Number of protein chains: 2
Amino acid sequence: MHRCLVCEIRDQSVCRAIDDEDLVVLAKSSKQLSLPPNTTLIEEGSAATAFFNVTAGTVKLFKSLPDGRRQITGFADVGHFLGLTNAGTYSFGAETVDTVQVCRFMRPQLETLLADYPQFERRLLAEVTDELAEAQEQMLLLGRKTARERVASFLLARMIHRPCQTTGEENRVSLPMTRVDIADYLGLTIETVSRTISALRRDHIITGTDHHGIRVLSPSRLQGLASGQENA
Amino acid sequence: MHRCLVCEIRDQSVCRAIDDEDLVVLAKSSKQLSLPPNTTLIEEGSAATAFFNVTAGTVKLFKSLPDGRRQITGFADVGHFLGLTNAGTYSFGAETVDTVQVCRFMRPQLETLLADYPQFERRLLAEVTDELAEAQEQMLLLGRKTARERVASFLLARMIHRPCQTTGEENRVSLPMTRVDIADYLGLTIETVSRTISALRRDHIITGTDHHGIRVLSPSRLQGLASGQENA
DNA sequence: CGTTGGGTTGACGATTTTCAATTCGCGTGG
DNA sequence: CCACGCGAATTGAAAATCGTCAACCCAACG
């Protein structure tokens with residue numbers, strides 16, 4: 001049995017554009033990797049030779065300034081495709097947040113796939129278009145929202161995008177990344193993120209003391225905050 | 001002679017993916033529009049029925065919060081393609097900055113083009129990939145740069161991206177948009193933008209009193225500022 | 001010649017950052 | 001089993017950058 005044929009996330013990824021019969025080709029042109037937390041997948045500015053499809057875990061994408069300031073531009077989880085660029089080099093870096101599994105494609109193989117499967121290209125266009133819409137939403141957050149609104153938006157987005165019903169708890173939000181990562185994603189400092197989360201707890205909008213998971217008590221108030229209504 | 005065949009910006013736009021013989025089809029499926037400043041091209045959240053290719057002038061793209069706060073996510077000038085979305089509605093708004101000319105495509109015609117011309121889709125993927133890279137750069141600016149660094153980055157980007165050698169002046173940067181637009185693009189207030197530009201003038205990094213055009217005296221110092229080196 | 005819209009400048013205030021101290025969580029080893 | 005140590009997170013006080021409010025300037029235009 002060929003690996004890609006039994007891939008459990010195939011229908012969530014770009015790979016669903018490939019026919020069953022041709023998955024053999026796909027399996028040959030890709031390689032499955034399992035990576036520990038905080039592994040560098042992509043080095044900012046290095047030659048763009050490989051592309052990745054995340055099959056488990058979460059990857060952080062970021063850009064940095066010479067003095068070390070960093071902005072995380074997104075978190076890529078199951079199904080996401082990484083590494084596209086027009087220049088010959090990556091314009092961003094990528095590191096694993098937790099333990100991550102990826103399928104790695106090398107450039108020549110990817111170009112063959114693109115040439116042979118119009119559907120594959122169609123899927124990529126859709127994915128990149130989606131990422132662009134998310135990026136625009138994030139620009140609104142970074143440019144115009146207060147700290148409280150940013151944290152509320154972040155928690156809400158994770159609640160909606162990630163059902164996370166593994167535990168019995170209602171409205172549980174998992175936060176696999178550290179406070180540093182959250183801060184670098186929201187354009188804040190870790191202190192401000194920490195203080196803001198504490199404030200939301202004080203206001204009974206969220207609850208739970210676990211650093212990597214909280215529970216939302218009032219999704220509607222969180223939603224109100226995220227879209228800028230004072231209080232809620 | 002068919003309109004698209006003589007389009008002077010054809011080779012700068014997605015339309016270059018279409019053969020000469022087939023441009024007749026393209027001309028039929030698109031309509032040329034000339035629009036005065038501050039015309040709404042796309043209403044945020046409305047049904048996505050039309051797509052635009054800018055052939056002259058500058059368009060601003062933005063997202064807003066319910067209370068009116070606005071973030072301009074980018075300026076689209078000659079050659080840029082607007083309106084792609086995966087949802088049925090636009091996730092952003094678009095307005096003309098100055099007098100703008102666009103080719104408008106309606107959705108059914110665009111889908112026909114996409115189906116018939118793989119090259120067209122390839123070009124779109126490249127353009128969206130480019131826009132995503134720009135968006136990531138802008139997220140770094142919005143999340144991590146100071147006011148001075150933001151303004152420096154903005155001026156530098158416009159200097160590099162827009163040669164603007166129409167006038168004899170060296171390193172002239174044209175700023176067709178208002179201070180409000182610049183502020184909403186950089187995640188600042190108009191007062192901070194104004195003060196920062198004045199400060200750059202005081203420091204002899206730029207010169208010129210015209211509100212819609214300045215001259216860069218020291219591109220290298222501007223470059224240094226934009227990438228975060230204190231002074232330069 | 002007054003009005004209007006856009007831009008600049010100043011004084012003050014507030015949100016967020018910075019700096020610093022403490023606590024928490026968790027794996028390691030005595 | 002518990003003490004230790006280290007990184008991560010929290011909390012507090014002080015500082016700074018940027019925003020708010022307000023006055024003023026300037027050019028275009030009817």
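The structure presented is a predicted model; accordingly, all values stated were derived computationally and were not measured. Each chain gets a letter, A, B and so on, in the order the sequences are listed, and its residues count up from 1.
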Please report, rounded to the nearest Å, how far the [atom2] atom of [N] is from the [atom1] atom of [X].
X	N	atom1	atom2	value
L200(A)	dT11(D)	CG	C1'	16 Å
N38(B)	dG5(C)	CG	C1'	12 Å
L186(A)	dT17(C)	CG	C1'	15 Å
D67(A)	dT17(C)	CG	P	15 Å

Given the options R172(A), R215(A), R201(A), D210(A) meets salt bridge (charged side-chain N to carboxylate O under 4.0 Å, His left out) only with R172(A)

For [X] and [Y], indicate whether the former's side chain and the latter's backbone hold a donor-acceptor pair under 3.5 Å.
X	Y	answer
R144(A)	L188(B)	yes
S218(A)	R221(A)	yes
N171(B)	V173(B)	no

Qualifying side chain to side chain donor-acceptor pair (under 3.5 Å) pairs, either residue in residues 70-88 of chain A, two or more places apart: R70(A)-D181(A), R70(A)-D184(A), D77(A)-R162(A), N86(A)-D130(B)

Answer yes if the side chains of K63(B) and S91(B) hold a donor-acceptor pair under 3.5 Å, and no otherwise.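 No.
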
For Q229(A) and S227(A), which I'm curious about, is there any donor-acceptor pair between the side chains at under 3.5 Å?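 There is such a pair between these side chains.
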
Whichever of R201(A) and L188(B) has its nearest DNA chain D nucleotide further upstream toward 5':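 Going by which nucleotide is closer to the 5' end, it is R201(A).
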
Which ring-ring contact (aromatic ring centres under 6.0 Å, His included) pairs, counting each pair once, include a residue from residues 30-72 of chain A, with sequence neighbours left out?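 Of all non-adjacent pairs touching residues 30-72 of chain A, none passes ring-ring contact (aromatic ring centres under 6.0 Å, His included).
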
Pairs where residues 169-218 of chain A contributes a residue and the test ring-ring contact (aromatic ring centres under 6.0 Å, His included) is met, not counting sequence neighbours: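 Qualifying pairs: F75(A)-Y185(A), F154(A)-Y185(A).
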
Give one of base, sugar-phosphate or nothing for I197(B), where a contact means two heavy atoms less than 4.0 Å apart.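 Nothing: the residue I197(B), judged by heavy atoms under 4.0 Å, touches no strand.
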
Just call it for S198(B): base, sugar-phosphate, or nothing, with non-hydrogen atoms closer than 4.0 Å on any strand. sugar-phosphate

Sub-4.5 Å side-chain heavy-atom contact between T129(A) and L124(B):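 No, every pair of side-chain atoms sits at 4.5 Å or beyond.
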
Can you list, by residue number, the residues of residues 139-149 of chain B that have a non-hydrogen atom closer than 4.0 angstrom to DNA chain D? T146(B), A147(B)

Taking only N/O atoms, report every protein-nucleotides 5-9 of chain D pair under 3.5 Å with atom names and distance.
{"unit_1": "dA9(D)", "atom_1": "OP1", "unit_2": "R179(A)", "atom_2": "N", "d": "3.3"}
{"unit_1": "dA9(D)", "atom_1": "OP2", "unit_2": "R179(A)", "atom_2": "N", "d": "3.1"}
{"unit_1": "dA9(D)", "atom_1": "O3'", "unit_2": "H211(A)", "atom_2": "NE2", "d": "3.3"}

Ignoring backbone atoms, test whether T189(A) places a side-chain nitrogen or oxygen under 4.0 Å from the OP1 or OP2 oxygen of dT17(C).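 Affirmative; the distance criterion is met.
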
Pairs under 3.5 Å (N/O, protein and nucleotides 21-24 of chain D):
{"unit_1": "dC21(D)", "atom_1": "N4", "unit_2": "E191(B)", "atom_2": "OE2", "d": "3.0"}

Given E134(B) and H161(B), is the side chain to side chain contact (heavy atoms under 4.5 Å, CB included) satisfied, shown in steps? CA-CA 12 Å; E134(B) 273 176 45; H161(B) 185 61; 5.8 Å; no

